[in-house]
Amino acid sequence: MSGRKEDFSPQSQGQVKMYVCGITAYDVCHLGHARSAIVFDIVKRYLRYKGFQVTHVRNITDIDDKIIARAQKDNVSYDVIAKKYTDEYYRDMEMLGVSSADIEPNATDHIREMIQTIQGLIDKGFAYPVDGDVYFEVGKFAAYGKLSKKNTEDLMSGARVDVDERKRSPLDFALWKSSKEGEPWWESPWGKGRPGWHIECTAMSSKYLSETFDIHGGGADLIFPHHENEIAQSEAYTGKPFVKYWMHNGFITVDKEKMSKSLGNFFTIKEILEKYDPETVRYFLLTAHYRSPIEFSDVQLTEAELSIDRYYSTVTRIKDFLEAAGAAEKPGTSADLEKVLAAFKDKFHNAMNDDFNTASALGFIFELIREVNRFLDSKPSGQKAKELVVRTRELLAGIGGILNIFNRTPEEWYRSLMKVKKIAVSEEALLQKIAERQEARKQKDWARADNVRKELEDKGIILEDKKEGTAWKVKAG
RNA sequence: GGCGGCGUACCCAAGUGGCAAGGGGGAGGUCUGCAAAACCUUUAUUCAGCGGUUCGAAUCCGCUCGCCGCCUCCA
């Protein structure tokens, strides 16, 4: 609310109540929706890792103008649209590997609570009914604009809103809308109608969390008017502060412009996952700070893929080492590795404690990766060296668990890349080729061996000759 | 017009008062039959520009330029 970073201390010690605006179920989700979901998934995971007991609520708006419009266009009932796109949303989230929230309420299941809140606002003089609609009277709420840092005069003068004569001020917003012919409706004290957009978050957050809760999240485009209006309604109704910390994620851009439905420059989650592994998408989104805009492009996704590949290549090396390392104690560059290892957790925590700076955290991960590679290059052996490497592996895996990346085996990663890159070689055919090439290599028929390698490379497979044999992997990037 | 944000190497990006993380790319090297992977060296005396504060600024302040967002539904 201050517009700055603040020290985090939840209302009740050890417990975090977090509400994140989900989607309006009127169309398929694009990458922008994915960013919000992924960002707050990481927030939740990290807070839990730090020992907080987190209650995460993520709502679904399943009644709204756009849903109705879509339903009319498709000539079906509004709930068919809402159901369809809610299902799509859940499917997208599952494919992306985003964990579900603890509570995922739908607006239409909370009409009663919303009516109660609206009635309360009328009783307290903050809202007024007109012809079956109910409006919130912005002028009655002195602090209006405190989140978006707008003052009401500026808003008035810049008002591009259609002036509705029945409203006392153009800034007043609907809590309840009377239903027109053919629109869905619920019975209310003001006649048949449906809730306005903002009221659901007030009603549901107080129901599932409390009147004041710790973190409220969503995309930066929700700051105004959505979150501003939520504050007004909620604080007017309860007389208590609504939210302690606001977190808004930045936009995904395409050619520097916000990815959005209206500009038509969006990529759906499904489209992207046809070309990239979900882990690549998640990693990509973590490479920039959550508040910054992030430019979507194939180059960026490709770089993310290369970075992940670097991690899995290192994991493979680690595995090879642990299987092959001799018993003789040889320390290698263990002193350097130990140093990096010792400092790593603090660095990681500092980065994440500083407003979830995942980009910085990833930097430290790659420092550790370089160091362990350096250590392995120094050809260490013995029990102590093994222990050090195992420690590194566990540390990396643990961190990966928090960021929800690096949580597969290299084999799984490469199999997934094969699929995503539509590589036209089966694993059997591949092993066959490798065997063929081994034969040629044994006979020092380098030309034939190189031919096989070239042939596979053209199909996107890279071969690596090691002491113990030849390994394959999918060419990243 | 009002409000807010951003501008760091060839590209992406962290750093917000004390000698400029990390990834990708380029160049050279080590290793290898040759590769790949990995590692090493190198690639910003400089952080859009100009002033100011300070012992010291990419980091704070002011101005200028450029880009973007919100002010209407929007993650």
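Naming: A, B, ... by sequence-line order, numbering from 1 per chain.
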Determine whether any donor atom in the side chain of A/D465 lies under 3.5 Å from an acceptor atom in the base of B/rC34, or the reverse, and answer yes or no.
-> yes

Closest to the A/E303 side chain, choosing from B/rA75, B/rA14, B/rC11 | B/rC11

Any side-chain N or O of A/N357 less than 4.0 Å from the OP1 or OP2 oxygen of B/rG15?
-> yes

Mate of B/rC67 where both pairing distances stay under 3.5 Å, Watson-Crick or G-U = B/rG5

Write down the distance separating the C1' atoms in B/rG29 and B/rC68, rounded off to the nearest Å.
-> 44 Å

Phosphate-side-chain proximity, A/N249 and B/rA75, N/O vs OP1/OP2 below 4.0 Å | no

Among the candidates B/rC39, B/rC70, B/rC3, find the nucleotide nearest to the side-chain atoms of A/R374.
-> B/rC39

Using the P atom as the reference point in each nucleotide, state the distance between B/rC3 and B/rU46 in Å, no decimals.
-> 36 Å

For the side chain of A/E464, counting heavy atoms from C-beta on, which of B/rC3, B/rG22, B/rA36 is nearest?
-> B/rA36

Provide the distance between the two P atoms, one in B/rU59 and one in B/rC71, to the nearest whole Å.
-> 31 Å

5'-most by nearest nucleotide on RNA chain B - A/H198 or A/S148 = A/S148

Aromatic ring of A/W446 stacked on base six-ring of B/rG33, 5.5 Å, 30° = yes

Is the shortest side-chain N/O distance from A/R317 to OP1 or OP2 of B/rA37 below 4.0 Å?
-> no

Partners passing side chain to side chain contact (heavy atoms under 4.5 Å, CB included) against A/T392 (at least two apart in sequence or in another chain) = A/L337, A/L341, A/L368, A/V372, A/L396

What's the closest nucleotide to the A/S292 side chain, out of B/rC71, B/rA75, B/rA14?
-> B/rA14

Listed nucleotide nearest any side-chain atom of A/K66, set B/rC3, B/rA75, B/rC73 | B/rC73

Taking only side-chain nitrogens and oxygens of A/R441, does any of them come within less than 4.0 Å of OP1 or OP2 of B/rG33?
-> no

Minimum-distance nucleotide (side-chain atoms of A/S36 versus B/rA75, B/rC3, B/rG24) | B/rA75

Give the intermediate values and the outcome of side chain to side chain contact (heavy atoms under 4.5 Å, CB included) for residues A/D62 and A/Y78.
-> CA-CA 8 Å; A/D62 60 350; A/Y78 86 94; 5.7 Å; no

NZ/NE/NH1/NH2 to OD/OE distance under 4.0 Å, A/K177 and A/D65 | yes

When the C1' atoms of B/rC11 and B/rG2 are considered, how many whole Å apart are they?
-> 36 Å

Can you figure out which of B/rG15, B/rC70, B/rG33 approaches the side chain of A/D354 most closely?
-> B/rG15

Side-chain donor or acceptor of A/E367 under 3.5 Å from a matching atom on the base of B/rG22?
-> no

Kindly say if A/R291 contacts the phosphate of B/rC6, meaning a side-chain N or O under 4.0 Å from OP1 or OP2.
-> no

Say you pick atom P in B/rU30 and the same atom in B/rA36; how far apart are they, in whole Å?
-> 14 Å

For B/rG15 versus B/rC73, give the span between their C1' atoms, rounded off to a whole number of Å.
-> 37 Å

Minimum-distance nucleotide to A/R453 side chain [options: B/rC71, B/rA35, B/rA38] | B/rA35

Dump the intermediate steps for ring-ring contact (aromatic ring centres under 6.0 Å, His included) on A/H216 and A/Y19, then the final yes or no.
-> CA-CA 5 Å; A/H216 192 133; A/Y19 185 97; 5.1 Å; yes

Rounding to the closest angstrom, what is the interatomic distance between B/rU43 and B/rG22 at atom C1'?
-> 16 Å

Distance check: side-chain N/O of A/R437 vs OP1/OP2 of B/rG33, anything under 4.0 Å?
-> no

Taking only side-chain nitrogens and oxygens of A/K258, does any of them come within less than 4.0 Å of OP1 or OP2 of B/rC70?
-> yes

Can a donor-acceptor pair under 3.5 Å be found between the side-chain atoms of A/D450 and the base atoms of B/rG33?
-> yes

C1' spacing across the pair B/rC47 / B/rC60, given as an integer number of angstrom | 15 Å

